[in-house]
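First the structure, in the form of structure tokens, and then the observations on it.
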Amino acid sequence: MKTILQLCVFVLFAVVSFNANAQDRTVSGKVSSSEDGSPIPGVNVVVKGTTTGTVTDIDGNYKFEVPDDAVTIVFSFIGLATQEVDLGSRSVIDISMEADAVQLSEIVVTAVGIQREKKALGYSVENVSGDQLQQVSEPDPIRALQGKVAGVDIQGSSGAAGSATRITIRGNSSLLGNNQPLFVVDGVPYNNNTNNGTNQLVGGGAYGSRISDLDPNNIESMTVLKGAAAASLYGTRAANGVILITTKSGSGSVSKKGLEVGISSSYSIEQVANLPDYQNTYGTGTNFAYSQVNGSWGAPFIGARPYATTDSITHWYDGVIGFEDLWGTNVPYQAYPDNVKDFFQTGGIWDNSISISGGNETSVVTAVVSDLRQDSYVPGSEFNRTSMSIGGKTELVNGLIINSSLSYTNSFQHTFAGGANNAIGNASAFARTLYLGRNWDLHGTPYINPLNNSNAFFVGTGQADNPLWSVENSGVESKTNRWVGTLGLGYEINDWIAVNYKFGINGYSQNQTQWFRPGGRAAAGIGQITDFHTTFNEIESNFLVTITKDFSESFSFRAIAGHNLNQRTTVSQAVQGSGYVIFDIDNINNTNNLIPAGGGFAQRRIIGLFADVTLGYKDYLFLNLTGRNDWSSTLPKDGNSFFYPSASVSFVFTDAFDLSSKLLTYGKIRGSFSEVGNDTGPYQLTPVYLVNSNGITSPSPDATAMPFNGVSGSTLSNIERNPDLRPERTREYELGLELKLWESKIGLDASVYTRESRDQIIPISIPRSSGFSSLFTNAGVVSNKGVEVGLDITPVELQNSFRWNLYGTFTLNRNEIQSLVEGTDELILRNTFAGSVQAVHIVGQPYGLIKGTVSARDDEGNLLIDPSNGQLINDLTPRVIGNPNPDYIVGLTNTLSWKGLSLSFVFDWKQGGDMYSVTNLSLLGRGVTTDSEDREVNVIIPGVYGDPNTAEPIRDENGNKTQNTTAIEVNGLYFGNSFAINGQDEWSVWDATVIRLREVGLSYTLPASLIDKTPFGSASISLTGRNLWYNAPNFPKGSNFDPETSQFGNSNAQGFEFTSAPSVKRYGVNLRFTF
Amino acid sequence: MKKTIYKILSIVLFTVVLTGCKDYLDINTDPNNPTTVSINQLLPSAQANIAFSTGNAGGLNGHVASIMQQTVQRGTLNDHLILGNDFNVLVPWNSFYGGALTDLRDIINIGTADEDWQYVGIAQILKAYTFSIMVDVWGDIPYFEANLGTENPFPVYDEGSAIYADLHLLLDEAIANLAKPSNMTPAADDLIYGGDMAMWRKFAKSLKFKMYAQTRLVANVDTEIGALIAEGDMISSSAQDFGFQYNGSIAPENRNPGYVQEWAPGGAGYYINPYFFEVMRSMDTFGHGGLNFGPVDPRVPYYFFNQLPAGAVDGDAENPCAYCPSDSGTPFLSIYAYSFNIDPNEGFDQSRSQTVIGLFPVGGKYDDGNGGIASLNSALAGQVNGIGTTAHRMLTSYELLYLRAELAHVGVTAENARQLLSDAMDDSFAKVDEVAAEASAPALDPAVLTTYKDAVLLMYDGGTPALQLEIIMTQKWIASYGNALNAYNDYRRTGYPRLHNGNTDNLSVTVQGRSFPVSFPYEDTDLITNPNAPKQRLIATDKVFWDN
């Protein structure tokens, strides 16, 4: 068996020429595609049993001399069914070739760019073609994967343009470190950091993750290496799986035509996906009386209730300096049913891309230029991305293959100020937006104080910024330049040894500015600008020697030895200026006081040596062994070397036992064992002092800062260090089954796995009384077990080309914290506000639980009620109140196609997983939705009377408890010490199950017959829709809440939503044509 | 042509081999942060930390001032519910241990090795002060095994009495160290006393005095107290006060943290407790039964800032009010203690109308009766701001005088309690004048002062011994505004000042459900992470060792 590598080179570049013997006659013809009639260049045409033959040219034509005794001509092309045609006496043979139904020899790209036959793989790898990711009205290439890959959990952080996306494969393994997969684009790691200048809790914005620099239009394919075995050659970075992305410009492949120009252009509109169902019966106030407050618990509007009498109220700005003309005036007291809806706008996305590719027998080149402009549904927010890339490949006459690619992306994100609504000094644009008082005339009332441009709002401006003022006068802007360059060399020394070298640089520089103009709630109202500059550069070098040798007919052998160098360098610096001089100049030169705000230099290096050996027996049994040793700069010098092995087996039993039948077309079982390691970040071995820092444990802006009175000060960092860190270890076992049934109408790919990560390098919490908050050391074991299933069914396939295909994915993962450090069974993953919810790990429990305050209960579980007011009593001890990990995830892609028409829709369904939601608690507490509209009743919270001092039930002389009979108003239910605002955290956790129509696409490809007369090679038009419908049934009904949101972006602390922008839906139209 | 290929390959191989050598990986030294610093870098940090962590923003005083009814907070603290993850519990606990005490440990270790004895002495005194405060609030805490890092990450909790005993030894050692020749000597980096060793010595002895007085119920301290008074080497004037003087720098933030927090946009976190206000005004509108001295305390406009102008009526408040101008006949606006979720008017936003913490404690504005929206700057029309530079006072000369008055009155010493009370009041008024001068505010009117003081002393002269003690402690409580930690100790030691009880007043909107907290809860995370930690404290019953 020839190596796959050779085969590809052969097919793609058609550089092999055949010696022609003395011939008697000429045969010619044309090879075209049965699918669309287009010509197929590069098809092998040979006389059966000989080496006499040729390949088709660019127009699919061939012509060659055949010997007299030739009987059969064989036409072959990878991916298409080989055809044998009896020659007879014909001299012209035109054939059409169709796709190979079984595609047994499907090739996938695996770790470090090694190409393998899929059937030889002993682990799960899933491939997604670029078509599925492009032009789906989704600028983020990772969100475009949602619902399409089994074993993968993808969660957008917000509907805000350019915001981060979290992706995990097979669950969370690292307690506190990175859990996201490594992205490798054209052989070079692609940094996916989120650079959040400010804590997303108390400010900051919907920061992006840097994979958003990648242009989906340039993606040729994505391969998800799910398990450790698949990824193990990536060594220290493989622990969370790898996503390999091949770009068009970097792939070195060429279209069937010599020169092809492709143009695609799309426009989508975006709108807020859904808003709560607001009540329009009561305005602001309390206890059915109007007052100028946040909550809509006040008087009913005239007409809404028979007894309503309030028809006008004093203007909100009565007494506010700057609005003297409004003093003493009245405004009508009426509902503004659309005051929230009108805040949002209809946004739009323009996405245009041109790709040009061309080549000849020895060289190919592809260039892609794309431009995306997204205007968000939140006024003022936008995301723009312009990218250019060019890549090519050439084979020199001496056989040296050189490939290279260059790409440049410029991204721009402008997003609104975010953060929780209640943080002191926080200028969130969404502090009140979703729960505006029902009688607030948001758009008919000034939002700028004419006196000095400061914020004007319906309640005290110290409480919240007017959303209209906020989106205009505060925000975060990120400007990112990203560059990727690769250079590859390949050479076949002889027919069994090949060497390849690849060198790549992938980096970005980002300027992020966060500003708050004066007169708002942030920065004590004096205005503040913070500039964050980050430059990241990664250099990757890979040298591979490949030896391919078939020992006999039955045994094949391939061995690869490799050497890898990797260097990552980050340089960052932040500066903060406070006190604006001129109101609307958002440049740091326009501030009064400048202080440094962090930054530094960090560099790490890895040297790796690895080997990969594959043994094949009779093309149905394969054994793959890999080993890699890494030396990391970040570990102690005498312990920086670590080795990890993997072994996998693939067995195609249908071939081995010759079982192939109509019912069972193909069957394979696979199994693997692997171990991967992980190092740590740079400079983690020695405790350091922090200069001009004061040791105060306070996230609050009022903490004293150094220098003080011009005197500088330093403090010892709160992180104690273990100088003898060992590498982390993740061990994984995987079993898989692949079946094709009923002539491949049903395809099943299922995996079960169990993985265990131990010796995690984490800052474990230690008591502060030790003098430190945490110890950076090896600790903890986390296990993940799961099942992932991909099911491909074609229920209907008719002669008239009608086809219905269903692709379903099922993802189930169970994780458990097996152990933490000795002596503790709890580790804080993330704190929020003091006294509020936390994300914690608890031994024996799933990853990252939500912990918070709870109401007191008696030994029978009855709620304790304070007899003085009929409300709940607090329990003194915070407890676990939610588990954010989903039970399972199902994705379902339906594709109906008929001739050039194709209709597809993607559903996804995430079952379970809890979320702490401040939006929901505020909607209830502020009394703005239909959930709290029926309020003219008193309610009694079921429970027994208790003593708030002891949190014990009150017993009478006989020891009996007393049932609560103290009624409270509905207002008190949601605003008192009960269920929403001011209530305990446990009442603000909901089950985040959601089912969603993620994607709908209707496309029409013009038939070849129509196109033939035009200069176009192909043309198609499609309509797409995104997030058109969802249902999260367990949130309060009137909130229409979409749980696809996360306060902390793509960090490990999931299941928290403090105040975020609602999600978005899009409709788009897309034109694509080539010529 | 083959040659070219081999050339290229050999370059690649060469690069690979060359860079493969060990030096390539030897890059793991942090270029951003030092692994050693001079001890004159650590001292200012530790001092700023102690001031913040005992102070009025994130510090202990935030909660203590509410417990001692000088301020009142909307929320569970309104009814004495303190939790181990409250900001004002978590920040001091974590910052003392994780910040100040670790840095002080380093100063003591490095300074001892380098014979920088003055630094060692100062660090020991600051360590003693910090631990004494922590014992007063939390009782039994890690001490002997604390701050050892990986050497002992799980320290045991030591008895408060054992800690106090060791702190006395530590202070004696510190006083000796101050006098030794020192290689390096502190100057401007000593943000408290500017490197004046005599001042540190006086403070060390004052601290010993205070600690002895603190334990008088559980030990006979007459001799020690007597000796310290006889020696006369304690803080004796306001210039010698142990405090942390802030300045006006906005970035870096050098202003009084209480000012930055309470005067920031968004409204103050604390209201002024109407009980405190009424005792100072010699009023009782809601049946609290506090002491009535007769005249209005002249310190009121220095203590509290009314955002509503003089003459304001209830309707001028932005929302329906709980304690309204009509209650006192002044623009004072607040909420009642023990009214959380009971009083329908307690929850309304009053950020532009409520009375806020004023000049004396945190550096807010002197109340001239004109009102204005409390702000950190007066950038906008209608806004007024304070100075923010006011010192956080941790131990003052007048507090020592009040303490001596108490000790004399209960018979520990033979001094004249009445005279000491009179001196203490004069001294505390002088402190108000000092702060007023800093803010260019008018000084206290001597005539009014005299009237007030005479009324107090008249009441003292006619009172029973119990009332006399109550008068001393109540005056001390009023004077200690801004550093209620001392008043909290005093209350637990003497039972005075009497505090407002939500169950016995005449208000229908107050109910006291919880008992007075006789100590603070431990920080929750430390309990979870330390296998040697005791159970969480029951704050209503778990007393500290000197509380009888």
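All values below were derived from every heavy atom in this structure, side-chain atoms included, with hydrogens, water molecules and symmetry-related copies excluded. The chains referred to below are lettered A, B, ... by the order of the sequence lines, with proteins before strands, and numbering in each begins at 1.
For chain A, the nearby part of B:Q245 is the backbone; its heavy atoms alone come within less than 4.5 Å. Of the atoms belonging to A:T777, not a single heavy atom falls under 4.5 Å from chain B. With a 4.5 angstrom heavy-atom cutoff, A:S765 touches chain B via backbone and side-chain atoms both.
Side-chain atoms of A:R768 never come within 3.5 Å of backbone atoms of B:W93 as a donor-acceptor pair (strictly under, hydrogens ignored). Proximity of a side-chain donor or acceptor of B:T102 to a complementary backbone N or O of A:G771 within less than 3.5 Å is detected. At distances below 3.5 Å, at least one donor-acceptor pair connects side-chain atoms of B:N32 with backbone N or O atoms of A:F601.
With chain B as the partner, the residue from A:Q292, A:Q567, A:Q684 showing the most heavy-atom pairs under 4.5 Å is A:Q292. With chain B as the partner, the residue from A:N709, A:D825, A:T686, A:V691 showing the most heavy-atom pairs under 4.5 Å is A:N709. Ranked by heavy-atom pairs shorter than 4.5 Å toward chain B, the options A:P682, A:S291, A:G599, A:A289 are led by A:S291. Of the listed residues B:I342, B:L101, B:N319, the one with more heavy-atom pairs under 4.5 angstrom with chain A than any other is B:N319. Your options are B:L191, B:L376, B:I373, and the one with the most heavy-atom pairs under 4.5 Å with chain A is B:L191. When the candidates A:G600, A:S714, A:P878 are compared by the number of heavy-atom contacts under 4.5 Å with chain B, A:S714 comes out ahead. The candidate from B:D106, B:N256, B:L538, B:D189 with the greatest count of non-hydrogen atom pairs under 4.5 Å with chain A is B:D106. Annotation: maximal heavy-atom pairing with chain B below 4.5 Å, among A:P687, A:S712, A:G460, occurs at A:S712.
Side-chain atoms of B:N33 and A:Y683 include no donor-acceptor pair closer than 3.5 Å. A:S633 and B:N28 share no side-chain donor-acceptor pair at under 3.5 Å.
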inquiry  = For a side-chain contact (heavy atoms from CB on, under 4.5 Å) check, start with the C-alpha distance between A:K637 and B:D26, then their side-chain angles and the critical distance, and finish with the verdict.
reply    = CA-CA 8 Å; A:K637 270 183 210 165; B:D26 196 7; 2.9 Å; yes
message = For a side-chain contact (heavy atoms from CB on, under 4.5 Å) check, start with the C-alpha distance between B:T150 and A:F772, then their side-chain angles and the critical distance, and finish with the verdict.
response = CA-CA 9 Å; B:T150 44; A:F772 299 86; over 6 Å; no
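In summary, of the residues considered (A:N718, A:T715, A:I696), a side-chain contact (heavy atoms from CB on, under 4.5 Å) with B:S95 occurs for A:I696 alone.
No side-chain heavy atom of B:T529 sits less than 4.5 Å from a side-chain heavy atom of A:I766. At a threshold of 4.5 Å between non-hydrogen side-chain atoms, the residues A:S769 and B:I141 do not count as touching.
Taking the side-chain hydrogen bond (donor to acceptor under 3.5 Å, both in side chains) definition, one finds that B:N532 meets it with nothing, sequence neighbours left out. The side-chain hydrogen bond (donor to acceptor under 3.5 Å, both in side chains) check on B:T510 picks up B:D505, with sequence neighbours excluded.
The two residues A:M706 and B:P252 have their closest heavy-atom pair at O-CB, 3.8 Å. Considering all non-hydrogen atoms of both residues, A:A705 and B:N254 come closest at O-ND2, 2.9 Å. The two atoms that bring B:I528 and A:K851 nearest to each other are CD1-NZ, 3.4 Å, heavy atoms only.
Ring planes of A:F708 and B:Y246: perpendicular class, angle over 60° (limits at 30 and 60°).
One finds the CZ atom of B:R514 at 6.5 Å from the CG atom of A:N874 (value rounded to the nearest 0.5 Å).
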